[in-house]
Amino acid sequence: MSNADRTFVYTAQPSRVVFGRGSLGRLADEVKAVGAQKALVLCTPEQRKQAQVAADLLGPLSVGIYDGAQMHVPIESARKAREYSRSLGADCMVAIGGGSTIGLGKAIALESTVPIIAVPTTYAGSEMTPIYGITEDNVKKTGRDLRVLPKTVLYDPDLSATLPVRMSMVSGMNAIAHAAEGLYAKDGNPVMSLMAEEGIRALATGMRGVFAQAGDMQARSDCLYGAWLCGSVLGHVGMALHHKLCHTLGGTFNLPHAETHTIVLPHALAYNTQAAPEAMQRVARAIGASSAAAGLFDLAKDLGAPTALRDIGFKESDIEVALKVAMSNPYWNPEPIVEDAVRELLRNAWEGRRPSV
Ligand code: NAD
């Protein structure tokens with residue numbers, strides 16, 4: 001696109017980001033800075049230990065820990081957490097964990113408007129978005145509301161050091177997916193494109209480093225830096241075919257979130273290659289490959305991440321069901337959504353075929 005053709009609208013969202021090793025040590029000051037005195041620490045049962053460290057750092061500023069965060073925020077868990085938070089008179093949520101824990105904080109904030117301080121320990125990016133999701137009767141409903149955007153985000157690479165290597169790889173690919181679709185978003189803008197390309201570059205470098213040595217803190221820091229950038233892109237611009245397909249596959253077949261993103265992304269980019277050449281060039285440049293789609297497939301493979309939906313519980317006979325759901329609501333995508341072409345995309349992703357573009 002030439003500069004003369006460029007038009008865009010960019011509305012920046014408010015956010016305070018504190019980044020760096022050891023930044024968890026600033027938690028108490030950050031709680032005070034949002035005017036809170038009774039912080040409830042949220043986590044999954046698996047991350048209770050990290051949550052306890054956060055609660056200890058808060059001392060009298062903490063009213064307790066709620067360790068009931070679950071994947072996809074089931075409505076019952078949100079109701080329970082809201083009730084618990086109300087009973088303690090909590091005036092702030094400290095969500096320490098991945099997208100599931102931050103999602104629980106958002107479900108509480110949506111009803112109570114208490115501020116969230118997010119302490120992300122994966123690369124999923126939810127902490128930078130005003131998007132929430134709550135699952136009721138097996139259907140995950142998502143929405144946008146500025147009340148759920150965390151007021152402050154503490155990125156401490158030390159906390160991600162315990163994230164298992166496989167989860168780190170798929171979580172990183174999940175983040176790259178936000179940036180890749182942000183590069184061809186209908187409402188994209190040059191600032192987001194800069195962040196997207198830099199975010200993909202940082203993640204690809206960091207993931208290679210973590211794969212080589214799980215405890216490489218420079219690589220962990222690169223990944224978290226990339227996660228911030230890619231999460232910001234997700235929070236500011238609309239997504240397309242890739243996110244729609246992953247939402248369908250996760251919601252209808254209960255496939256694991258980050259793995260699904262990892263497998264589908266190269267195929268969704270192959271689908272959009274003709275329609276979004278500049279975006280593809282930027283993705284390819286950021287990962288050091290000649291093709292965005294094939295390059296991301298190779299990156300996933302090199303990092304030991306899954307590349308076929310059939311390896312994560314998706315059956316061949318599920319393709320038609322997924323197709324029906326994915327085609328049921330029209331949505332914007334750079335390449336028009338055509339049933340036969342989406343069927344082929346799903347089949348390629350199911351088989352784990354390397355994209356040929
Ligand atoms: P997750 O939060 O479900 O975490 C997966 C598992 O890893 C959990 O058991 C968790 O406790 C554990 N874990 C997390 N960090 C760890 C660490 N450092 N060490 C050891 N264990 C750790 O996974 P996720 O991929 O971060 O989040 C997925 C969810 O987030 C999905 O429901 C997805 O829809 C949502 N999401 C939402 C947005 C948004 O903008 N609303 C964006 C991205 C993802």
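Atoms within each ligand, like the ligands themselves, are counted from 1 in listed order.
- Nearest heavy atoms, Ala268 versus Leu345: CA-CD1, 4.1 Å.
- A donor-acceptor contact closer than 3.5 angstrom is absent between the side chains of Glu344 and Tyr271.
- Taking a 6.0 Å sphere around CZ of Arg285, one finds it holds more than 12 heavy atoms contributed by other residues, nucleotides or ligands.
- When the heavy atoms of Glu259, Gln47, Gln50 are ranked by distance to atom 14 (C) of ligand 1, first place goes to Gln47.
- Close N/O approach between Ser160 and ligand 1 is not found [any backbone or side-chain N/O within under 3.5 Å].
- Considering backbone and side-chain atoms alike, His178 places every N or O at 3.5 Å or more from each N or O of ligand 1.
- Taking a cut-off of under 4.0 Å to the non-hydrogen atoms of Thr129, the atoms of ligand 1 that pass are 39 (C), 40 (O), 41 (N).
- Residue-to-ligand polar distances place Thr162 within reach of ligand 1: an N/O pair is separated by less than 3.5 Å.
- Among residues two or more places apart in sequence or in another chain, the salt bridge (Lys or Arg N to Asp or Glu O under 4.0 Å) test is passed with Arg347 by Glu316, Glu351.
- In this structure, Met128 falls outside the shell of residues with a heavy atom less than 4.0 angstrom from ligand 1.
- The N/O atoms of Thr122, backbone and side chain alike, include one that comes under 3.5 Å of an N/O atom in ligand 1.
- Distances between N or O atoms of Thr101 and those of ligand 1 include no value under 3.5 Å.
- For atom 34 (O) of ligand 1, the closest non-hydrogen atom on the protein side is Lys140 NZ, 2.7 Å.
- The shortest N/O to N/O separation between Gly97 and ligand 1 does not fall below 3.5 Å.
- Proximity of Leu234 to ligand 1, defined as any heavy-atom pair under 4.0 Å, is confined to the side chain (atoms from C-beta onward).
- Where the criterion is an N or O separation shorter than 3.5 Å, residue side chain and backbone included, Ala124 fails it with respect to ligand 1.
- Looking at Gly125 next to ligand 1, no N or O pair under 3.5 Å apart turns up.
- Annotation: atom 15 (N) of ligand 1 to nearest protein heavy atom, Thr121 OG1, 2.7 Å.
- Close contacts of ligand 1 with His257, meaning ligand atoms under 4.0 Å from a residue heavy atom, involve 28 (C), 31 (C), 33 (C), 34 (O), 44 (C).
- Remark: ligand 1 atoms within the under-4.0 Å shell around heavy atoms of Thr44 are 10 (C), 11 (O).
- Contacts with ligand 1 closer than 4.0 Å are made by side-chain heavy atoms of Glu46 only, the backbone lying farther away.
- For atom 6 (C) of ligand 1, the nearest protein heavy atom lies 4.0 Å or farther away.
- Close approach of ligand 1 to Met167 (heavy-atom distance below 4.0 Å) involves ligand atoms 5 (C), 23 (O), 25 (O).
- Minimum heavy-atom separation, Cys223 to Tyr123: CB-CZ, 3.4 Å.
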